[in-house]
Amino acid sequence: MTIPSTLTTINGAQGGDEGKGKVTFEIIHRKAQYYGVENVIVLGTNGGSNAGHTIKIGKKSYHVHYLTSGSLIHGLKQYLGCDKVLHPQSLRSEYNDISKDFTDLGHRTYISSNTHITLSCHVMKDKCDNGHIGTTSKGIGPTYSAKYNRTGVRLIDVQHAIKNKNLFTLIQDKYKDYNHYYNSGKSDISMRDAIIQDIEDIVWVIETFNIVDLTYFKRVLFSRINKHYIVESSNATLIDINYGTYPYVTSSSCITSNLFSSLCLTPLDIMSLNCTFIGVVKSYPTRVGAGILPTEITDKSISEKIIEGGAEFGVTTGRRRRPGWPDCVLINYANMVNGFNHINLTRLDNLSQFDKIMICIAYLQDEESGPLSYFPYHHNDDMSSISPQYIEIDGWKDFDFTKVKNWSDLHPNVLNYIKIIEKYGNVEVKSVNTGQELGMIVFK
Ligand code: IMO
Ligand code: MG
């Protein structure tokens with residue numbers, strides 16, 4: 001029997017940290033069991049070490065940043081597309097942690113040779129200049145800036161330079177716009193030492209992974225028969241460079257349609273695959289860094305409970321996340337710009353602490369004009385005239401999600417919450433996470 005290939009994308013529908021890694025991991029695990037691990041390929045598309053996905057396997061928690069959740073399944077191939085950016089030093093420590101348990105990690109990881117490298121000078125610039133945005137300080141903005149300014153350095157440039165024995169000159173040249181950071185005492189190491197460290201880490205990357213031509217995925221790994229591609233995007237809709245709350249955004253685009261060029265997939269390729277586009281929605285949105293979150297919870301007695309109960313601290317930077325009430329206008333917006341077949345809800349268990357739950361179903365601008373018909377992502381610094389309109393529903397206080405084995409086991413008030421999200425978010429909820437461990441998910 002000929003099985004057509006499938007492609008599933010997983011996107012964050014809010015401010016990041018929705019639980020994309022866990023959802024991806026559930027899907028790849030199931031597909032690998034069903035179709036065979038050799039027929040499943042995980043594809044990373046954008047971002048770099050700013051992303052942070054936590055995946056729990058048994059008692060152990062793993063953190064992936066540049067790599068995909070596919071790192072955590074033996075034998076599974078992953079391909080990292082050209083619109084990602086790679087910080088060799090961070091990747092080295094990520095690899096060292098994961099490869100203790102997954103020793104084949106390097107062999108089954110393919111990285112596009114067109115990938116731009118984050119150098120230490122980019123990290124330095126990010127730390128010194130981007131405080132007002134509240135970036136992750138991982139050098140993301142400066143690396144993408146260098147890419148688009150055509151002054152960046154790609155893995156392929158490094159490979160050529162190694163052949164021509166001029167790698168030091170190449171990297172040193174890339175540092176020339178960043179001298180002042182090193183001359184003004186902002187760095188604890190000299191520029192020369194930073195360059196030498198970069199070179200050592202870059203060479204390590206080239207020796208550890210398969211560095212392949214941008215079109216390798218298309219030419220070698222891609223087939224329309226019995227291959228199952230899972231696209232794991234980093235970051236999320238609110239921080240998308242085009243459709244997020246600019247300037248409080250990251251420096252790449254992570255909405256569905258933008259993921260494919262990173263992988264060299266054409267619209268015709270997409271049309272020929274059996275596609276499912278999934279949005280991941282945390283039952284309460286969160287943000288780290290600056291930028292609006294219209295339903296942000298200002299009552300500390302509530303927000304602290306959410307943060308503590310959900311361990312809402314950034315995986316990448318350890319920063320406290322800012323939680324908000326569930327926001328259907330935002331979900332509706334994310335669905336509009338991404339195009340989801342359906343959404344997966346995460347962390348409903350963390351709302352079990354509350355008797356009542358507020359759900360935003362509209363925003364009012366002023367008395368006369370009535371509800372806004374769009375998400376005000378461009379009202380960035382001034383949300384004072386916009387007020388979220390809530391409905392209050394009964395919660396599912398102390399409900400134990402670990403006992404939920406089927407959709408019908410969900411508490412009636414959870415089902416009511418889902419109905420409201422579907423109605424005002426304008427998208428179907430197809431699955432719900434019931435806990436962080438593998439297998440803790442139920443489907444409608
Ligand atoms: P995952 O994949 C949450 C946020 C930063 C900052 C802004 C710009 O884990 O959901 P950057 O370092 O990218 O230049 O920072 O974007 N940010 C994220 N927030 N989760 C992420 O990724 C993020 N990636 C970037 O906090 O506000
Ligand atoms: Mg994160």
Side-chain angles (χ1 to χ4, degrees), residues 9-25 42 44-55 61-69 80 83-87 90 94 116 118 122-148 231-255 259 279-282 284-293 296 307 310-324 334 338 344 346-347 377 380:
T9 61
I10 292 119
N11 276 41
Q14 297 151 320
D17 308 317
E18 296 90 351
K20 297 180 284 290
K22 144 92 179 167
V23 177
T24 310
F25 195 62
V42 184
T45 49
N46 66 291
S49 44
N50 54 350
H53 303 165
T54 305
I55 292 134
S61 283
Y62 295 92
H63 302 302
V64 293
H65 298 277
Y66 171 81
L67 298 170
T68 73
S69 310
L80 290 317
D83 204 26
K84 286 188 78 78
V85 291
L86 188 161
H87 182 223
S90 306
E94 184 178 351
H116 278 252
T118 300
H122 298 141
V123 177
M124 176 70 71
K125 180 172 170 51
D126 200 15
K127 278 186 183 150
C128 296
D129 296 348
N130 289 330
H132 60 297
I133 307 280
T135 70
T136 58
S137 300
K138 295 290 179 185
I140 301 296
T143 314
Y144 280 105
S145 303
K147 171 175 173 167
Y148 288 101
V231 180
E232 183 182 72
S233 74
S234 296
N235 322 131
T237 307
L238 268 183
I239 51 172
D240 179 88
I241 183 84
N242 296 316
Y243 295 98
T245 54
Y246 192 90
Y248 305 106
V249 293
T250 189
S251 298
S252 65
S253 176
C254 46
I255 60 164
L259 306 178
V280 183
V281 172
K282 188 153 59 175
Y284 49 93
T286 57
R287 265 198 103 141
V288 272
I292 57 160
L293 183 64
E296 185 159 358
I307 292 167
E312 292 292 350
F313 299 93
V315 177
T316 303
T317 58
R319 288 177 296 173
R320 235 177 161 72
R321 296 176 183 145
R322 296 152 45 201
N338 287 283
N344 169 285
T346 65
R347 304 312 315 255
Y377 70 104
N380 227 340

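Reckoned from all heavy atoms, side chains included, excluding hydrogens, waters and symmetry mates. Atoms within a ligand are numbered from 1 in the order they appear, just like the ligands themselves.
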Checklist entry - Would you find more than 12 non-hydrogen atoms of other residues, nucleotides or ligands less than 6.0 Å from Y62 atom OH? => result yes
Next on the checklist: Just to be sure I read this right, does ligand 1 sit under 4.0 Å from the backbone of V315, its side chain, both, or neither, counting only heavy atoms?
Outcome noted: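 Within the 4.0 Å criterion, V315 makes no contact with ligand 1.
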Checklist entry - Which is it for K20 and ligand 1 at heavy atoms under 4.0 Å: side chain, backbone, both or neither? => result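 Under 4.0 Å from ligand 1, K20 contributes side-chain atoms alone.
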So if I count the atoms of ligand 1 from 1 in the order they appear, which ones are less than 4.0 Å from some heavy atom of [X]?
| X | answer |
| --- | --- |
| G16 | 3 (C), 10 (O), 20 (N) |
| G15 | 3 (C), 19 (N) |
| R319 | 5 (C), 26 (O) |
| I239 | 4 (C), 16 (O), 17 (N), 18 (C), 19 (N), 23 (C), 24 (N), 25 (C) |
| G289 | 27 (O) |
| D17 | 1 (P), 3 (C), 9 (O), 10 (O), 20 (N) |

Checklist entry - Where the side chain of K84 meets the backbone of Y66, is there a donor-acceptor pair that is under 3.5 Å apart? => result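 Looks like yes, one N/O pair under 3.5 Å.
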Nitrogen or oxygen atoms of [X] and ligand 1 under 3.5 Å apart:
| X | result |
| --- | --- |
| S137 | no |
| V288 | yes |
| E18 | no |
| K138 | no |

Just to confirm my output: which protein heavy-atom neighbour is closest to [atom], and how far is it?
| atom | answer |
| --- | --- |
| atom 7 (C) of ligand 1 | V249 O, 3.9 Å |
| atom 6 (C) of ligand 1 | G134 O, 3.3 Å |
| atom 13 (O) of ligand 1 | T250 OG1, 2.6 Å |
| atom 12 (O) of ligand 1 | T136 OG1, 2.5 Å |

Item to check | Winner among N46, V85, T54, T135 once heavy atoms are compared against atom 14 (O) of ligand 1 | outcome: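 Going through N46, V85, T54, T135 one by one, T135 has the nearest heavy atom to atom 14 (O) of ligand 1.
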Checklist entry - Which is closest to atom 1 (P) of ligand 1 in terms of heavy atoms, N235, T317, T286, D126? => result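 The nearest heavy atom belongs to N235.
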Checklist entry - Quick one: which of D129, N130, V85 gives a side chain to side chain contact (heavy atoms under 4.5 Å, CB included) with P142? => result N130
Item to check | Candidates V42, T45, V231 - the one meeting side chain to side chain contact (heavy atoms under 4.5 Å, CB included) with T68 | outcome: V42
If you compare all heavy atoms of [X] against all heavy atoms of [Y], which two are closest, and at what distance to 0.1 Å?
| X | Y | result |
| --- | --- | --- |
| Q14 | P285 | NE2-CB, 3.8 Å |
| S234 | C254 | O-CB, 3.3 Å |
| A236 | G16 | CB-N, 3.2 Å |

Item to check | From CA spacing to verdict: side-chain hydrogen bond (donor to acceptor under 3.5 Å, both in side chains), D240, S253 | outcome: CA-CA 5 Å; D240 179 88; S253 176; 2.8 Å; yes
Checklist entry - Would a 4.5 Å heavy-atom cut-off, applied to side chains only, mark I241 and Y246 as touching? => result yes
Item to check | Min side-chain heavy-atom separation T237-N11 under 4.5 Å | outcome: no
Next on the checklist: With side-chain hydrogen bond (donor to acceptor under 3.5 Å, both in side chains) as the criterion, how do R287 and T245 come out once you've worked through the C-alpha distance, each side chain's angles and the decisive distance to 0.1 Å?
Outcome noted: CA-CA 11 Å; R287 265 198 103 141; T245 54; 2.9 Å; yes
Item to check | Atom name, D17 (N, O or S, nearest to the Mg ion (ligand 2)) | outcome: OD1
Next on the checklist: Assess whether a salt bridge exists between D83 and K147, defined as any Lys/Arg side-chain N lying under 4.0 Å from an Asp/Glu carboxylate O.
Outcome noted: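 Judged by the 4.0 Å cut-off on N to carboxylate O distance, D83 and K147 do form a salt bridge.
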Item to check | Ring geometry between H65 and H63 (parallel below 30°, tilted from 30 to 60°, perpendicular above 60°) | outcome: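 Plane angle between 30° and 60°, so tilted.
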Please state whether [X] comes within less than 4.0 angstrom of ligand 1, counting heavy atoms only.
| X | result |
| --- | --- |
| H53 | yes |
| G52 | yes |
| N130 | no |
| S251 | no |

Next on the checklist: side-chain hydrogen bond (donor to acceptor under 3.5 Å, both in side chains), that's the test. Do D17 and T286 meet it? Break it down for me.
Outcome noted: CA-CA 7 Å; D17 308 317; T286 57; 4.8 Å; no
